[in-house]
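The basis for the numbers below is simple: all heavy atoms, side chains too, and nothing from hydrogens, waters or symmetry mates. These numbers were taken from a predicted model, which means no experiment stands behind them.
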Amino acid sequence: MTDEDYDVGYGKPPLHSRFKPGQSGNPRGRPKGVANFKTDVAETLKAPVPVKTNGRTRTVSTQRALLLRLREKALKGDRHALDFLLTLAQAQSGDALAAEAVPLTPDDAAILDDLVARRQRAATRAAEAEQNGKGDDDVEPE
């Protein structure tokens, strides 16, 4: 193929600038031993920091220091810190919180059953109204 016969365009780079057979598009690539972001975060959270507790300085991980600081803020009344700490606690304990759930009383179960039945009836009426050419505004609420 000669240069005169070849159309240069989208997906057709000039012949002189194409990769040669066996040549990589990124010959040097990522250097070996370079950590990715996840590794950097993990190492940063493991790094020791000094923390003063009861007048004494001790060394704890950055992660532990952050959690201690979050706990302090939550105990001092910071609502956002409290919400975040509770979210962390709930995510960490997972099933333990669900096991402590209070069972429904018969009255509560009846109320929920009634609500589900009303929602199903409303959905059925809305579907019927749509089939009949009426919009959602034309369906009367229960």
Minimum heavy-atom distance Arg58-Leu68, with the two atoms named: NH2-CD1, 4.0 Å
Lys20 versus Leu15, closest heavy-atom pair with distance: NZ-O, 4.5 Å
Worked verdict on Leu75 versus Leu82 for side chain to side chain contact (heavy atoms under 4.5 Å, CB included): CA-CA 8 Å; Leu75 290 173; Leu82 180 61; over 6 Å; no
Minimum heavy-atom distance Ala81-Ala74, with the two atoms named: CB-N, 3.8 Å
Cluster link Phe19 to Val8, ILVMFWY, side chain under 4.5 Å: no
Pairs flagged by salt bridge (charged side-chain N to carboxylate O under 4.0 Å, His left out) wherever residues 74-86 is involved - sequence neighbours left out: Arg79-Asp83
Donor-acceptor contact below 3.5 Å, side chain Thr62 vs main chain Thr44: yes
Separation between CG of Leu70 and NZ of Lys73, rounded to the nearest 0.5 Å: 8.0 Å
Under 3.5 Å: donor-acceptor pair, side chain of Thr57, backbone of Pro50: no
Arg18 side chain near Pro13 side chain, heavy-atom distance below 4.5 Å: yes
For residues 103-117, run the donor-acceptor check on the side chains, cut-off 3.5 Å, and write out each pair with its distance to 0.1 Å, sequence neighbours left out.
unit_1 : atom_1 : unit_2 : atom_2 : d
Thr105 : OG1    : Asp108 : N      : 3.2
Thr105 : OG1    : Asp108 : OD2    : 3.1

Contact check, side chains of Val60 and Thr53, non-hydrogen atoms, under 4.5 Å: no
